[in-house]
Undergrad: 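My questions all concern the structure below.
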Amino acid sequence: MSLPVTVLSGYLGAGKTTLVNQMLRMADGLRLAVMVNEFGDLPIDADLIEAEGEDMIALAGGCVCCSYGDDLIAALGQMAAMAPPPDHIILEASGVALPGAIAASLDLMAGIETAGIVVLADLAQIAKQLANDYIGDTIERQLRAADLVLLTKGDLTDAAQVQAARVAVALHAGGAMVIEARHGRVPLDVVLHPVRSGVLETGEPHGNATGLVSEVVIPDSDVLAETFAAELAARKEVIRAKGHVQTALGLKTVQVVGDLWQVTDAPPKAIPGVVVIRLRENVEG
Amino acid sequence: MITIYAARKIITMNPAHAHTTHVAVRDGQILGSGTLEELAGWGDHTLDETFADKVLMPGLIEAHSHLMEGSLWAYTYVGYFDRLSPEGEMHKGCKTLDDVLARLKEAEAKITDSDAPMPAWSLDPIYFDNVRVTRHDLDQVSSTRPIGIMHASGHILNVNSKALELAGLLRPGINHDGVPLGTDGLPLGELKGPDVMTPVSPFVGFDRDMLACDETGMWKFGKLCVRAGVTTATDLANKLPDETVRLFNEVTGHAGYPARIVSLRYHHGIGPEELIAHAEALQPQSTDMLRLGKIKVVVDGSIQGFSARLRAPGYFNGAPNGLWYISPEHLKIILEQALARGIHVNTHTNGDQATQLVLDTMTEALKKHPSADHRFVLQHCQLADLAQFRKMARLGMCVNLFANHHFYWGDEHYKLTVGPERAERMNACGTALREAVPFTIHSDAPITPLGPLFTGWCAVNRLTASGRTLGEAEKIGVADALHAITLGAAFTLHMDQEVGSIEAGKRADFAVLEDDPEEIGAAKLKDVRVWGTVQGGRVFPVADL
């Protein structure tokens with residue numbers, strides 16, 4: 001079984017550290033391993049830390065954080081060899097690294113698979129950064145490689161600047177899903193398994209300023225699981241759904257990712273309820 | 001105990017007494033240089049005539065090398081050019097791919113352990129019309145033992161099928177720019193760039209940390225220094241963990257170790273504040289023979305690897321711009337804090353945009369932390385133009401130009417990477433001299449061989465391997481080249497008070513030469529024979545190595 005790795009990219013100050021801390025708080029039993037380039041400014045909130053070693057920090061809920069310094073491959077090997085191995089690795093790339101190149105290299109490693117590339121863009125800075133002679137092309141290449149772009153710090157920026165930034169990002173982000181997310185508040189699953197929207201956009205983010213909506217749906221009566229799943233998958237604003245529904249044939253597990261869906265028998269002790277993650281309608285943006 | 005050495009000629013690099021015949025030494029220090037009569041006044045002495053028919057120069061200084069040059073000699077050399085080993089054996093260059101394979105087969109036959117990996121180094125297919133070396137070629141040497149050959153540039157690794165298999169890469173479906181595939185959909189065994197080299201290199205016997213050096217390697221490096229007339233050499237990028245510092249102190253503290261080592265803390269893998277703190281902690285651990293506390297920052301990649309950052313008009317062949325290895329923000333923190341604390345910083349910039357970033361950042365940093373004499377060094381700085389040299393002079397910066405590179409890869413730069421005009425201005429020693437930027441020149445050993453006299457020859461003649469004179473206007477004279485590899489280098493290291501010239505009070509470090517570099521002629525500077533060195537008053541003849 002391959003260990004999934006999500007590459008987290010974005011220039012200095014884009015909010016990677018905030019997002020990582022949010023993800024750790026939302027882990028809810030999932031054992032996340034966060035890999036950072038360096039511990040310089042300790043990237044993890046103090047209350048999440050259980051024990052600190054030289055290269056490894058043990059975190060609440062069985063999560064860990066390690067620095068990979070200048071040997072990413074060796075550090076990944078160590079992560080994969082942990083017993084038990086983590087459920088998911090979040091690889092925080094340095095501000096000038098190219099996430100596409102990192103992902104391509106990850107694919108060379110046995111037992112590792114790239115779950116996707118998430119690029120953070122600071123709405124207050126991104127337009128200026130893209131126009132910078134020194135780093136502009138690096139930021140473009142980061143955005144181009146993204147499956148998901150998270151627009152951050154929209155609350156610190158005036159509306160005109162936000163709009164200009166969105167256009168600038170859309171120009172380079174190609175088919176990536178673009179979502180505005182303040183303070184790293186994005187459903188964990190969306191970041192761990194980013195899916196490209198496949199739709200070329202020219203300015204409007206796919207999610208609005210308050211990010212995504214996560215809700216629990218419990219149908220009033222028995223449903224046909226396949227129909228229920230297919231309908232969710234057909235709704236453009238639904239990114240993910242997972243949970244259990246009551247059918248005439250007993251409890252079934254449905255999973256929806258983008259426009260793909262799957263129905264299986266529910267495990268014992270499952271309770272009805274489907275978590276649906278969807279984009280809020282663009283009324284406020 | 002005073003020894004007065006008599007010599008055929010002493011080139012002192014002290015303009016007040018440019019040439020003398022005798023030098024008096026006590027406890028590793030120079031008492032003075034002049035005539036025997038002048039020096040006799042120091043009192044009881046022994047007159048040593050060992051060098052009576054030799055020419056003495058200040059011990060040569062290599063201001064950009066890596067101790068790794070010593071460790072690589074444990075592996076098979078397959079470079080194109082003849083190369084002198086630490087033991088003094090001239091390894092013949094491999095002029096064709098068949099030569100390379102024959103050399104590998106010969107080495108392979110000597111390994112008794114059938115599973116042991118076989119690392120080799122310094123392959124350069126540029127000289128075989130850029131023919132691609134494949135795993136099928138290397139499988140002829142062995143299909144059961146993993147084999148890996150590092151290219152001379154250090155940026156490409158060629159491996160055989162066994163190595164790919166061990167690394168889990170002998171499979172279809174690989175999609176990576178740095179891993180070319182054959183018609184069968186399987187990797188050809190060429191691995192381009194550190195991203196794809198590191199997953200495989202341990203399987204072919206290359207250490208993960210290529211820049212690290214072991215004790216044996218350090219001693220071999222010391223022997224190469226003696227053969228090249230070098231008495232002070234840099235180890236330009238090291239993580240310098242405690243165990244490495246202990247090893248370096250132990251080896252350089254040995255009475256028989258012939259070279260002073262200046263080892264710089266490399267920025268990669270730690271944050272800027274940690275880097276500054278580590279450099280500050282290292283500095284007081286320095287000894288006479290081991291100098292610590294300087295910082296090396298790698299700003300961009302290499303020109304021939306198309307990873308250097310270029311300004312417009314970019315690469316001649318249209319390749320996209322290269323990579324940053326540090327963010328401008330982190331560079332700013334390092335430069336500012338280093339200026340504030342008096343830490344010496346050396347920045348690797350190959351492309352002219354990377355150089356410009358350092359110049360811009362220094363301009364601002366110096367407003368915050370004015371420093372009359374920081375001597376921060378731009379390392380390589382291969383593509384800098386005239387305006388950039390003017391700026392360096394005004395900012396008080398030094399430059400260490402990669403003169404050897406011009407010889408080995410100048411033809412490629414002319415044809416492929418930057419085109420004729422910019423290839424001619426590369427490694428612009430003439431401009432540095434005219435604009436009064438303090439400069440030295442380097443080998444970047446093991447990328448090219450350690451040998452400041454050869455490096456001087458490169459700067460003086462600017463010939464490429466194919467015989468093209470590349471950049472007539474950037475040539476310098478022999479006297480300037482000799483200055484660059486002695487006092488010039490010492491200045492860039494903040495060590496010109498101690499070494500770099502033969503004058504009263506300085507360390508008794510000499511290059512002992514059979515031939516006179518001032519008389520042999522510009523075209524033959526590289527052929528000057530080295531008898532050995534004197535380091536801190538200790539005599540190291542090449543013949544005794």
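All heavy atoms count here, side chains included; hydrogens, waters and symmetry mates do not. Chain identifiers are assigned alphabetically (A, B, ...) following the order of the sequence lines, protein sequences preceding nucleic acid strands; residue numbering begins at 1 within each chain.
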Undergrad: Side chain from CB out, backbone as N, CA, C, O: work out which of these in A:A97 comes under 4.5 Å of a heavy atom of chain B, or both, or neither.
TA: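 For A:A97, neither part sits under 4.5 Å from chain B.
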Undergrad: Can you tell me which portion of A:L72 sits under 4.5 Å from chain B's heavy atoms? Options are side chain, backbone, both or neither.
TA: neither
Undergrad: Examine whether an atom of B:V179 lies under 4.5 Å from a heavy atom of chain A, and if so say whether it belongs to the side chain, the backbone or both; otherwise answer neither.
TA: side chain
Undergrad: Can you tell me how far CD of B:Q353 sits from CG of A:D137, rounded to the nearest 0.5 angstrom?
TA: 7.0 Å
Undergrad: Where is the tightest heavy-atom contact between B:W324 and A:Y134, given as atom of each residue plus distance?
TA: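 Answer, listing the atom of B:W324 first, then A:Y134: NE1-O, 2.7 Å.
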Undergrad: Using a 4.5 Å heavy-atom cutoff, which residues in residues 186-196 of chain B come close to chain A?
TA: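 Residues of residues 186-196 of chain B touching chain A at under 4.5 Å: B:D195, B:V196.
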Undergrad: Given that the side chain runs from C-beta out, which part of A:L12 has a heavy atom under 4.5 Å from chain B: side chain, backbone, both or neither?
TA: side chain
Undergrad: Rounded to the nearest 0.5 Å, what's the gap from CG on A:L108 to CZ on B:R171? Could you check?
TA: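 So the gap between those two atoms works out to 7.0 Å.
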Undergrad: Please identify, among B:A167, B:A354, B:G173, B:G269, the residue contributing the most non-hydrogen atom pairs under 4.5 Å to chain A.
TA: B:G269
Undergrad: What pair of heavy atoms forms the shortest contact from A:S105 to B:H176, and how long is it?
TA: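 In terms of heavy atoms, the two residues are closest at OG-NE2, 3.3 Å.
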Undergrad: Using non-hydrogen atoms and a 4.5 Å limit, figure out which bit of A:D107 sits close to chain B: side chain, backbone, both or neither.
TA: backbone
Undergrad: Take a 6.0 Å sphere around CG of A:D133 and say whether it holds more than 12 heavy atoms from other residues, nucleotides or ligands.
TA: no
Undergrad: If you take all heavy atoms of A:R141 and B:L323, which pair is closest and at what distance?
TA: NH2-CD2, 4.2 Å
Undergrad: Under 4.5 Å heavy-atom distance to chain A, tell me which part of B:L169 shows up: side chain, backbone, both or neither.
TA: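 Side chain only.
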Undergrad: I'd like to know whether CG of A:D158 has more than 12 heavy-atom contacts from other residues, nucleotides or ligands below 6.0 angstrom.
TA: yes
Undergrad: If you count heavy atoms of other groups shown closer than 6.0 angstrom to CG of B:D184, is the number above 12?
TA: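 Enclosed: over 12 neighbouring heavy atoms sit under 6.0 Å from CG of B:D184.
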Undergrad: Can you find a pair of side-chain heavy atoms, one from B:E329 and one from A:Y11, that are under 4.5 Å apart?
TA: yes
Undergrad: Distance check, rounded to the nearest 0.5 Å: B:T198 atom OG1 versus A:I73 atom CD1?
TA: 4.5 Å
Undergrad: If I measure from the heavy atoms of chain A, does B:D360 come under 4.5 Å with its side chain, its backbone, both, or neither?
TA: side chain
Undergrad: Which atoms of B:L275 are under 4.5 Å from chain A, going by heavy atoms: the side chain, the backbone, both sets, or neither?
TA: neither
